[in-house]
Amino acid sequence: MFISFLYPFPLRGLRAPFLWVAFKQMGDLGADQVAFIASDDYFVDPERYRRMGRFDCHAPVNPELGFRVPTHAEADGFARGLIPDQLYQRLKARLLSDTLVWRHLITEVDDELVELICEQVERLSRHAPCEALLTWCNYASLSEAATRLGLPLLHGELGPLRTPWYRPLGYLDFIGVNGHTEAAARWQASAPLANAFADIPSLRAALRLYPLPDHIPEAVDARLGIPLQVEDDSNVLAYGNGFDMWLLIQYAREEYEREDLLIRPHPGAHLSPSGDFRLDDSPDSAAFVNRCERLLTLNSSVAVEAMLMERPVSILGDSPARHLAGHGLDDARLATLAELEFLLLNYFVPYDLLFDAEYLRWRLRRPSEAAIRARHLQTMTVLPTSTWSSLHPSLRSAYPTDEE
């Protein structure tokens, strides 16, 4: 059995802030495969959230993220251990902001929370042994509890490539997610792997669901592109290396004129740059990247897309792609084919596998990097013939075409 830790406190004005993750795990893993450590807010009647306008419950089925909204009886049927609200009230009184409470729990060990997690894991494990803990964010106290209990901790998250343009990917990391990850260490420790594709354009074509749309302009009109991020995302709050969105822009201005910059606001951001900055209005991030000579980012997922489009990138914050990029304005660099293949075919995981119990158990057995790559390639959906010709011959036998 797996035990999933879902952030138990309010965030961004919402209770059960990772509700869709709970629904996805409930539907894909089932009550016999997963129990939860959370707040009771994850198990109330979903109809209540639908009336509140929550996207998680807007429709009975969410095709983009691939989950079904459970009935109240279904949700209530999952075993769970609850984190009491008193812990939240203690932290809230000291830190004031829900966002600061979240950041604190991402980066700092809270002894009371560690004890509560250990108690709940031990209680839930009386019904069925716990094979691993699952989480959708870094929490220092959860990592400490996993260490004390001698249990593996699997971190999941949405990956940098998503629908509708790309085959969706996700994180699966034994150490952390967004920041404090095992990505660089795995790359450095891996034995050399044969390239699966002939070049980066072939890799990009394999990962895209559709060709680059015709509306992307051919002419580059910005020396430096800056994709902004949601200001209170965990990778900004906890893994920005001292930068935030405003300091990122100010840093770029140390060497670039305003007219040289193209800034892409995030659609989910709370604030937007003002003044004379050029703001990107491209229909998608690929069109934005195509306008830029190079990219500067804190740790936006757009960096990976830019690498796939063969643009030099600098990443200032912590990120699983940081070791593929430069780390300042003066050292933006291109990622190599081998680096990108390892990141996208080994480190990141086909999205649906994040919620596949058999796959999670397979990864707990620590397969080789060669086996992981082969499994991921086998999992990817049928490739068009145009992409098949670029696939390495050693992998073709495990990777069907649309003609078979």
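Just the heavy atoms: all of them, side chains too, but no hydrogens, waters or symmetry mates, feed the values below. Bear in mind the structure is a predicted one, so any value in this text is a computation, not a measurement.
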Quiz item: Could D98 and R103 be called an ion pair, given the rule that one side-chain N must be under 4.0 Å from one carboxylate O?
Solution: no
Self-check item: Carboxylate-amine/guanidinium contact R186 E369, below 4.0 Å
Solution: yes
Quiz item: Charged N to carboxylate O below 4.0 Å: is that the case for R278 and E259?
Solution: no
Quiz prompt | Student check: side-chain heavy atoms of P10 and Y88 closer than 4.5 Å | solution = yes
Quiz item: Between S300 and Q229, is any side-chain donor less than 3.5 angstrom from a side-chain acceptor?
Solution: no
Quiz item: Rounded to the nearest 0.5 Å, how far apart are CG of L344 and CD of E339?
Solution: 11.5 Å
Quiz item: Given the rule in the side-chain contact (heavy atoms from CB on, under 4.5 Å) test, do Y359 and D352 qualify, once you have shown the distances and angles that lead to the verdict?
Solution: CA-CA 10 Å; Y359 176 80; D352 285 339; over 6 Å; no
Quiz item: Between the side chains of Q33 and R361, is a donor N or O closer than 3.5 angstrom to an acceptor N or O?
Solution: yes
Practice problem: Measure up the H323 and W187 rings against each other and bin them: parallel (under 30°), tilted (30 to 60°), perpendicular (over 60°). | Solution: tilted
Practice problem: Measure the spacing between CD of Q86 and CG of L91 and express it to the nearest 0.5 Å. | Solution: 12.0 Å
Quiz item: For Y171, which of N178, L158, L354 qualifies under side-chain contact (heavy atoms from CB on, under 4.5 Å)?
Solution: N178
Quiz item: With a 3.5 Å cut-off and no angle check, do the side chains of H270 and D232 form a donor-acceptor pair?
Solution: yes
Quiz item: Between V69 and D56, does a side-chain contact (heavy atoms from CB on, under 4.5 Å) hold up when you go through it step by step?
Solution: CA-CA 8 Å; V69 177; D56 324 66; over 6 Å; no
Quiz item: Out of curiosity, L296 CG to L248 CG, how far, rounded to the nearest 0.5 Å?
Solution: 5.0 Å
Quiz item: Does a side-chain N-to-carboxylate-O contact under 4.0 Å join R253 and D260?
Solution: no
Quiz item: Is a salt bridge present between D276 and R258, judged by a nitrogen-to-oxygen distance below 4.0 Å?
Solution: no
Quiz item: Would you call R223-E255 a salt bridge at under 4.0 Å N-O?
Solution: no
Quiz item: After noting the C-alpha distance and the side-chain angles of R264 and D281, does the key distance pass the salt bridge (charged side-chain N to carboxylate O under 4.0 Å, His left out) rule?
Solution: CA-CA 7 Å; R264 181 169 176 81; D281 59 358; over 6 Å; no
Practice problem: For the pair L124 and I37, evaluate side-chain contact (heavy atoms from CB on, under 4.5 Å) and give the outcome as yes or no after the intermediate values. | Solution: CA-CA 9 Å; L124 291 168; I37 296 176; 4.1 Å; yes
Quiz item: Centre of F355's six-membered ring, under 6.0 Å away, within 45 degrees of the axis: is that where NZ or CZ of K24 sits?
Solution: yes
Exercise. Taking only Lys NZ, Arg NE, NH1 and NH2, and the carboxylate oxygens of Asp or Glu, determine whether R373 and E341 approach each other closer than 4.0 Å.
Key: yes
Quiz prompt | Charged tip of R366 within 45° of F174 ring normal and under 6.0 Å | solution = yes
Quiz item: Thinking salt bridges, do E305 and R162 make one under a 4.0 Å N-O criterion?
Solution: no
Practice problem: For L298 and D244, work out which heavy atoms get closest and say how close. | Solution: CD2-CA, 4.5 Å
Quiz prompt | Pair F342 + Y347: ring centers closer than 6.0 Å | solution = no
Quiz item: Aromatic ring centroids of F36 and Y42 under 6.0 Å?
Solution: no
